[in-house]
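Notes follow once the structure below has been shown.
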Amino acid sequence: MNNRRYLISVIVVIEVLMFIMLVIMPLAICSLFQRFNDNYEHQENVYLDPVKIPAKIKVLRTETNKVEKIDTEDYIKGVVACEMPSSFHEEALKAQAVAARTYAVAAIIDSDNYGNPKAHPRAPLCNTTHCQVYKDDVKIDDKVKTAVDDTEGQLLYYKGKLVKQALFHSSSGGFTENSEDVFAAAVPYLVSVESPYEEKATHKNEKTALSIRDFSAKIKACYPDMDFGNITADSIKIIERSDGNSVSKIRIGNEVLSGRQVREALGLASANFTVKADDKSITFTSNGSGHGVGMSQYGADGMAREGYDYKKILSHYYSGTDIY
């Protein structure tokens with residue numbers, strides 16, 4: 001009897017120890033790691049490097065070649081009114097306001113540190129698509145004014161530092177682009193993401209048709225230093241696409257161009273295109289409008305209409321960013 005009781009006691013002790021090892025300890029370890037992660041995230045927030053938004057902004061008026069000082073928030077209202085239709089959802093307009101404000105402040109900081117851009121050496125910003133479109137004679141809808149007022153002072157940050165390139169475009173055709181696939185360098189918050197809510201986008205399946213002779217002439221005129229040879233339908237072929245589905249490389253005759261180069265040469269709305277050619281003609285079918293990097297404006301409007309607020313919209317298109 002005593003041996004039996006002893007055996008039962010040993011079994012109970014073993015079961016208790018196994019329960020502790022298999023259940024209690026993993027929970028404790030998970031809790032410890034969670035506290036570590038929470039503390040780590042908190043530490044990241046501690047290193048926020050906030051920037052001061054200037055009261056006024058210098059902008060070059062390209063039509064008059066004069067530099068004007070404009071109240072910062074008035075400038076943002078003008079940019080939003082020019083860059084995004086006021087018919088868009090208010091949350092999309094707020095997202096545009098934060099992006100435009102971030103872009104402008106980053107340009108001013110770069111100007112202070114490195115001087116003004118070569119394109120407009122007398123001011124950190126111009127009023128064209130080279131920077132952001134701004135017109136003071138544009139009608140500013142109350143929705144736009146409210147969107148800017150509701151986000152006053154808010155900027156985008158990545159790991160505590162101000163976002164330097166809050167880029168945006170009209171529509172992506174379904175996926176945005178990695179910055180390195182369009183511009184010179186990789187930027188961690190400008191990566192390809194899905195943009196599924198672009199049903200109302202205006203640039204869909206746009207066709208541009210030319211004769212092979214005219215296409216050849218345009219390409220050779222744009223890139224005179226390249227030896228294309230005799231360009232025929234058989235010598236035109238897309239050979240590589242980006243993560244965002246834009247054309248990365250396309251063979252034309254003896255040379256290889258980027259989709260961006262073809263887009264610029266032909267005036268296409270997007271580098272997200274397909275090609276169909278025969279002996280006499282060539283047709284490009286493109287989707288999306290703009291360079292495709294950063295926030296899709298039609299995508300932002302679509303997300304807003306699906307119930308996403310402006311902060312969710314911005315964090316989607318600018319990966320890993322926060323608003324402060």
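Atoms considered below: every heavy atom in the structure, side chains included; atoms not considered: hydrogens, waters and symmetry mates. Here the structure is a predicted model, which means the values were calculated and not measured. In this chain, residues are counted from 1 in sequence order.
L257 and I212 fall within a single hydrophobic cluster, where Ile, Leu, Val, Met, Phe, Trp and Tyr side chains are chained together by heavy-atom contacts under 4.5 Å.
Here the side chain of T285 pairs no donor or acceptor atom with the backbone of E206 at under 3.5 angstrom.
Using a 3.5 Å distance cut-off with no hydrogens or angles, the side chains of T283 and K207 do not pair a donor with an acceptor. Side chain to side chain, Y103 and Q165 fail the donor-acceptor criterion of an N or O pair below 3.5 Å. Judged by distance alone, the side chains of S242 and E177 do bring a donor and an acceptor atom under 3.5 Å apart. For the residue pair N127/E63, the side-chain donor-acceptor check at 3.5 Å is satisfied.
When the ring-ring contact (aromatic ring centres under 6.0 Å, His included) test is applied to H316, no partner is found at least two apart in sequence or on another chain. When the salt bridge (Lys or Arg N to Asp or Glu O under 4.0 Å) test is applied to R241, no partner is found at least two apart in sequence or on another chain. In terms of the ring-ring contact (aromatic ring centres under 6.0 Å, His included) criterion, Y308 has no residue partners (sequence neighbours excluded). With sequence neighbours excluded, the residues that form a side chain to side chain donor-acceptor pair (under 3.5 Å) with D181 are N178.
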Test log, rule salt bridge (charged side-chain N to carboxylate O under 4.0 Å, His left out), inputs D149 and K77: CA-CA 9 Å; D149 290 342; K77 289 172 183 175; 3.1 Å; yes
Candidate pair M84 and L93, rule side chain to side chain contact (heavy atoms under 4.5 Å, CB included), full reasoning: CA-CA 7 Å; M84 181 175 277; L93 292 168; 3.7 Å; yes
Residues 288-300 side chain polar contacts: donor-acceptor under 3.5 Å, at least two apart:
unit_1 : atom_1 : unit_2 : atom_2 : d
H291   : ND1    : V293   : N      : 3.0
H291   : NE2    : F168   : O      : 3.3
S296   : OG     : E198   : OE2    : 2.8
S296   : OG     : G299   : N      : 2.9
Q297   : NE2    : E83    : O      : 3.0
Q297   : NE2    : Q96    : OE1    : 2.8

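Using cut-offs of 30° and 60° for the angle between ring planes, the F273 and F284 rings count as perpendicular. Aromatic ring orientation, H120 versus H130: perpendicular (interplanar angle above 60°, classes split at 30° and 60°).
In this structure, Y318 has its ring center no closer than 6.0 Å to that of Y158. In this structure, Y189 has its ring center no closer than 6.0 Å to that of Y157.
Evaluation of the ring pair (Phe, Tyr, Trp, His ring centres under 6.0 Å) test over residues 136-156, restricted to residues two or more places apart or in two chains, returns none.
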